[in-house]
Amino acid sequence: MKAPASAVLGITLAVQALVSAAALVVPVLAPVLSASTGVGAEMVGLYVALIYVGAMAGSLTAGNWVVRLGAIRASQCGLALCAAGLLCSLSGQVALLAVGALLLGLGYGPITPASSHLLIRTTPPHRMSFVFSVKQTGVPLGGVLAGMLAPKLEIAVGWRGSLLVTAIACLACAALAQLVRAELDADRRPGRSALLGDLRAPLALIFSRRPLALLAIVSLCFSAVQWSYSAYVVTYLHEDLAYTLVAAGMMLSLGQVAGVAGRLFWGWCSDRYLGPVKTLTVLALLMTLGMLVLALLPGNAPAILVALSLMVLGAAAVGWNGVYLAEIARQAPVGRASLATGGALTCTFLGVVLGPPIFGAMATLMGSYRVAFILIVLPALFVGLALATQRRHFVAEKPAAKVSTA
């Protein structure tokens, strides 16, 4: 019996939320880990970069692993690798934190190509942006979990206990996914090679088609903004605005909740009204506005103003991914959505590899997180506006609601 679309969406959403929470636990707890390990909190950018170095490798190989093992098995392997990465980090030693970050990335990388492989088979074309956006709400939902629960768990059981609980949750999700594995992985091809020799294929596909290449470049700049904001906002609020760690984590969660709502709204808006390219351009403008407001907050800013600025920024800087991934799947050749998604995500993850360390370097060099917030968003603004001039190259750009049914 064919699995209902709602079941496919549910399992892919749960997996995405947990791997995203796993990736953000250490950045959220950065001030505490800094005191424990002696490493400056500004080095969290390098930790995030290492995660996404691993994620780049994971996404490049994901297409073949999905075909050979099945999308659910690939997701289970990703969850197990994330758990292993968190367990490595329990020591608090810098070298093992680095190894843990790489393992987290290797687990994170295959998740989205695997989910795209499943969703493209069960989603009507006129609902793709919205359904992919629903699945991608797992990323900010993971941020909500990390922002709300990690600081509280740290108080109750210490930062090591917080990491351990997250690792156990990843393993539990992997075990539950086994219940639907036989049905959803029925299309796997066990004889397919999954070695590293075909790493060029995803990128070759992306850069052989202008729409895919343009989207990949936009995602590089957008992801640099998203993860610089996500990785540093807790430390910024803690150090510059004198928030407690718990209060700063709650503010991060508000922004991530807005990201959840933003992903749903922008997916719906893209399908019904603007289309994906116009939607991405609007998001570039909004994330620029949000970063400017965040950077200009005075030290005694009212909590409501801080919350509103983070919600606007979260809705834009965290809300773009579903529209982007749906358009990658739409522009990909038939049957090659997971391969195209893996190639595109390599560029997306490169933005995360480069963005937070560059942000941290700028903040250190200039002695200001505020200036770094402004500088990191400028490339995203430029490429978002440039994308709007290239709409003619996109296939089926018009939203479904605007297309005649005659």
Side-chain angles (χ1 to χ4, degrees), residues 23 45 48-49 51-53 55-56 59 108-109 112 133 136 139-140 143 202-203 206-207 209-233 255 259 262-263 266 270 274 276-295 312-328 331 340-363 369 371-391 393-394:
V48 173
I51 290 178
Y52 282 88
V53 168
M56 289 171 66
S59 65
Y108 194 103
T112 299
S133 293
Q136 282 304 111
V139 177
L203 291 175
I206 288 296
F207 289 103
R209 295 178 174 237
R210 180 177 291 188
L212 294 176
L214 289 169
L215 289 166
I217 293 168
V218 167
S219 78
L220 187 154
C221 297
F222 281 17
S223 63
V225 173
Q226 177 185 343
W227 281 90
S228 294
Y229 152 73
S230 297
Y232 281 99
V233 71
R263 291 190 181 204
W266 298 119
S270 174
L274 293 179
V277 171
K278 283 185 179 179
T279 301
L280 291 170
T281 300
V282 169
L283 287 168
L285 294 170
L286 283 176
M287 69 178 69
T288 302
L289 175 63
M291 279 295 208
L292 287 173
V293 173
L294 179 65
V312 170
L313 183 55
V318 183
W320 59 276
N321 308 67
V323 175
Y324 156 69
L325 288 168
E327 189 62 5
I328 289 290
Q331 299 295 328
T341 302
L345 284 176
T346 303
C347 296
T348 308
F349 294 156
L350 180 61
V352 187
V353 170
L354 297 176
I358 290 174
F359 181 99
M362 290 189 299
Y369 287 115
V371 175
F373 279 129
I374 294 172
L375 293 179
I376 202 70
V377 81
L378 294 180
L381 174 63
F382 175 77
V383 298
L385 294 174
L387 181 65
T389 68
Q390 302 295 315
R391 289 180 58 206
H393 297 291
F394 285 74

L280 side chain reached by L215 side chain, heavy atoms, under 4.5 Å:
yes

The reported gap from CG in L212 to CD1 in I217 (rounded to nearest 0.5 angstrom) is 11.0 Å

Minimum heavy-atom distance between M56 and T346, given as atom pair plus value
CG-O, 3.7 Å

Those residues at least two apart in sequence (or on a different chain) that pass side-chain contact (heavy atoms from CB on, under 4.5 Å) with V218 are F222, V383, L387

Please answer whether the main-chain N or O of N321 pairs with a side-chain N or O of W266 as donor and acceptor at a distance below 3.5 Å.
no

Shortest non-hydrogen contact between L286 and A316, atoms and distance:
CB-CB, 3.7 Å

Among residues at least two apart in sequence or on other chains, which ones pass side-chain contact (heavy atoms from CB on, under 4.5 Å) with L285?
L381, L385

What are the two closest non-hydrogen atoms of T281 and A388, and how far apart are they?
OG1-CB, 3.5 Å

Residues passing the side-chain contact (heavy atoms from CB on, under 4.5 Å) test with V312, sequence neighbours excluded, are none

Is there side-chain contact between L313 and V293, with heavy atoms separated by less than 4.5 Å?
no

Looking only at heavy atoms, which two atoms of A224 and I376 are closest? And how far apart?
O-CG1, 4.1 Å

Side-chain donor-acceptor pairs under 3.5 Å in residues 348-357, sequence neighbours left out?
residue: T348; atom: OG1; partner: S219; partner atom: OG; Å: 2.8
residue: T348; atom: OG1; partner: Y324; partner atom: OH; Å: 2.8
residue: T348; atom: OG1; partner: A344; partner atom: O; Å: 3.1

Separation between CD1 of I374 and OG1 of T288, rounded to the nearest 0.5 Å:
11.0 Å

Looking at A340 and I206, what are the two nearest heavy atoms and their distance?
O-CD1, 3.3 Å

Name all residues meeting the side-chain contact (heavy atoms from CB on, under 4.5 Å) criterion together with F382; count only those two or more places apart in sequence or in a different chain, and write none if there are none.
none

Heavy-atom side-chain proximity of Y229 to F359 below 4.5 angstrom:
no

Applying side-chain hydrogen bond (donor to acceptor under 3.5 Å, both in side chains) to W320 and not counting sequence neighbours gives Q226

Using only atom types and a distance under 3.5 Å, with no angle test, would you say the side chain of S228 pairs donor to acceptor with the backbone of V225?
no

Show the nearest heavy-atom pair for residues A372 and M362, with the distance to one decimal.
O-CE, 3.9 Å

